[in-house]
Amino acid sequence: MSNTGPDILQNELRAVIRSPESRLEFARSLWQPQNGHSLTTGNFQAPSFEGYFGFYEDQCITWLCDKYSQDKTHRQLVEKACEIAGLDAQQLQPLLLSQDEMERSWLFLAVRVFTMIDVGGLRTGIKLGQVSRNWTNGSLKAFIESTFPCTKEELDHVKLERLFTARNLERVADIQVIWTSNLADHLQLEDDDTKVRLFSHASFLELHRECDLFPAGFIDETLRTLSLLLSSNDKKTVTWFRREQRRNLNDEFIDGTAISCRPLSMKERQIDKFEFWHDRLVMLKQAFDEADPKTMSQWWSDRRKPVQWFNFWFAIALVVGLTIFFGLVQSIEGGIQVWKAYHP
């Protein structure tokens, strides 16, 4: 069932929000009261918000599959999210500790669609991502600040060269990129540093840029991590990203605008310019630097150490060249000997 226009928000959660006009009304109702910016229909043309609304639809379906109230509407969910954002810790405590399972689940659903952070509350046990933190007390703003602390515990003797891209993580270091719709998963390494999760929803982040719900500077820094790993100036990275979009079309939700983030200057690429994502970036870069090529294609793609790359391939070319040369000499010599045998 699908409708067009603003009235879609009065329909039940099973109704899909597809048209740009309906998405605009949804965003105006959810985010404009928080950031004060006027939004236009042009902001919601595909593919800008295709990823977010795919995530939103998935969350609604998951909540409905938990056998909760089937008559809840999109408008009620938006109003719940706005209400939660304005409540302090004392007002939220009874809701967080409520024995009414549906009421608590409804609250957590509203938070997930508003912040794209896994706060728990799914009765089926389904997790939005790998990093899940249960919100049991305090305001939503305090919970988010505790989820993304500004810490620099890891030593930062790393350089974020232009070679450090999501495409090269896979091609050179054999670190698989896993796309996630859980902001808390962003840049998280897993499976013995062989996989990394990336949060691509740049359009969603832009809507929160002027919102004080996230720590000051957090949204801008998160967008800079996308600029770092998904460089719009690197044609090969752009081609790789578009291929990832097609490959994950029916699996994970990827925001197509992530590849369009503003390129970083040399100064902005310095590791000490990152605070919230500092430690995860350091660990990811260390995993990238320490990974050894395992295949000939990875050896060819590995330009992290240009001198070593040149020496390796020069030696390969020399060995192959000499092998071909001496093989050719032996073939000619054998041919001469055969000719002499028949022409003494």
Side-chain angles (χ1 to χ4, degrees), residues 1-85 102 105-119 121-122 124 126 128-129 140 179-183 199-211 213 245 248-258 260:
M1 170 176 164
S2 65
N3 293 287
T4 60
D7 289 340
I8 187 74
L9 299 189
Q10 298 295 348
N11 288 347
E12 298 171 357
L13 293 182
R14 65 172 62 91
V16 180
I17 302 179
R18 286 206 176 104
S19 72
E21 294 77 18
S22 299
R23 293 179 177 185
L24 173 61
E25 175 62 20
F26 178 92
R28 278 178 172 167
S29 302
L30 183 58
W31 284 293
Q32 195 160 293
Q34 310 301 323
N35 60 30
H37 280 196
S38 60
L39 303 173
T40 63
T41 308
N43 297 120
F44 301 92
Q45 300 289 352
S48 297
F49 263 79
E50 207 64 44
Y52 174 78
F53 281 101
F55 157 80
Y56 175 78
E57 181 182 347
D58 183 67
Q59 290 301 301
C60 291
I61 291 174
T62 301
W63 191 80
L64 291 171
C65 287
D66 267 343
K67 304 296 190 300
Y68 289 125
S69 174
Q70 303 292 303
D71 58 359
K72 291 285 189 180
T73 68
H74 297 288
R75 176 68 67 187
Q76 289 176 312
L77 183 56
V78 166
E79 291 174 350
K80 188 64 175 180
C82 293
E83 174 193 348
I84 295 168
M102 193 191 81
S105 179
W106 182 242
L107 179 148
F108 290 137
L109 173 63
V111 172
R112 285 197 302 277
V113 301
F114 188 40
T115 66
M116 296 192 79
I117 299 173
D118 188 357
V119 294
L122 286 171
T124 58
I126 298 174
L128 176 57
L140 180 57
W179 302 100
T180 181
S181 294
N182 179 21
L183 183 54
F199 180 88
S200 69
H201 297 273
S203 300
F204 164 84
L205 293 170
E206 287 288 354
L207 283 178
H208 273 287
R209 188 185 281 278
E210 302 300 327
C211 178
L213 194 61
Q245 278 188 289
N248 289 273
L249 191 60
N250 298 315
D251 184 20
E252 190 49 80
F253 310 109
I254 301 178
D255 184 351
T257 62
S260 303

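Just so it is clear, the structure is predicted and the values come from calculations on it, not from any experiment.
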Margin query: side chain to side chain contact (heavy atoms under 4.5 Å, CB included) for Met102 and Lys72? Distances and angles first, verdict last.
Written below: CA-CA 11 Å; Met102 193 191 81; Lys72 291 285 189 180; 4.2 Å; yes
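- Interatomic distance, Asp118 CG to Gln59 CD, rounded to the nearest 0.5 Å: 8.0 Å.
- Distance check, rounded to the nearest 0.5 Å: CG of Leu30 to CD of Glu79 gives 11.0 Å.
- A distance of 8.5 Å separates CG in Leu205 from CE in Met116, rounded to the nearest 0.5 Å.
- Taken from CZ in Arg18 to CD in Glu50, the straight-line distance is 9.0 Å, to the nearest 0.5 Å.
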As a quick check of understanding, evaluate side chain to side chain contact (heavy atoms under 4.5 Å, CB included) for Phe53 and Phe253, giving each step before the final call.
CA-CA 9 Å; Phe53 281 101; Phe253 310 109; over 6 Å; no
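- Counting heavy atoms from C-beta on, the side chains of Trp63 and Leu13 come closer than 4.5 Å.
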If you apply the rule side chain to side chain contact (heavy atoms under 4.5 Å, CB included), what do you find for Ile17 with Leu9, and how did you get there?
CA-CA 8 Å; Ile17 302 179; Leu9 299 189; 4.0 Å; yes
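- Within the model, atoms CG of Asp255 and OG of Ser203 stand 3.5 Å from one another, a figure rounded to the nearest 0.5 Å.
- Side-chain contact between His208 and Phe114 is present, with at least one heavy-atom pair separated by less than 4.5 Å.
- Across Ala202 and Ala258, no two heavy atoms sit closer than the pair CB-CA, 4.0 Å.
- Annotation: ring-ring contact (aromatic ring centres under 6.0 Å, His included) contacts of Tyr56 (sequence neighbours excluded): Phe26, His74.
- Side-chain contact check for Thr180 and Asn182: no donor-acceptor pair (N or O, by modelled atom type) lies under 3.5 Å.
- Between the OG atom in Ser181 and the CD1 atom in Ile117 there is a gap of 13.0 Å [rounded to 0.5 Å].
- Electrostatic pairing of Arg209 and Glu206 counts as a salt bridge here, judged by a charged N lying under 4.0 Å from a carboxylate O.
- Leu183 places none of its side-chain heavy atoms less than 4.5 Å from the side chain of Thr115.
- Between Val113 and Val78, the closest side-chain pair of non-hydrogen atoms is not below 4.5 Å.
- For Thr73, the side-chain contact (heavy atoms from CB on, under 4.5 Å) criterion is met by Arg75, Gln76, not counting sequence neighbours.
- Looking at residues two or more places apart in sequence or on another chain, you find a side-chain contact (heavy atoms from CB on, under 4.5 Å) between Glu83 and Lys80, Leu87.
- Nearest heavy atom pair, residue Ser29 against residue Cys82, reads O-SG, 3.4 Å.
- Checking Thr257 against Ser260 by side-chain atom types alone, no donor-acceptor pair falls below 3.5 Å.
- Between Tyr52 and Trp31, the two ring planes are perpendicular [angle over 60°; tilted spans 30° to 60°].
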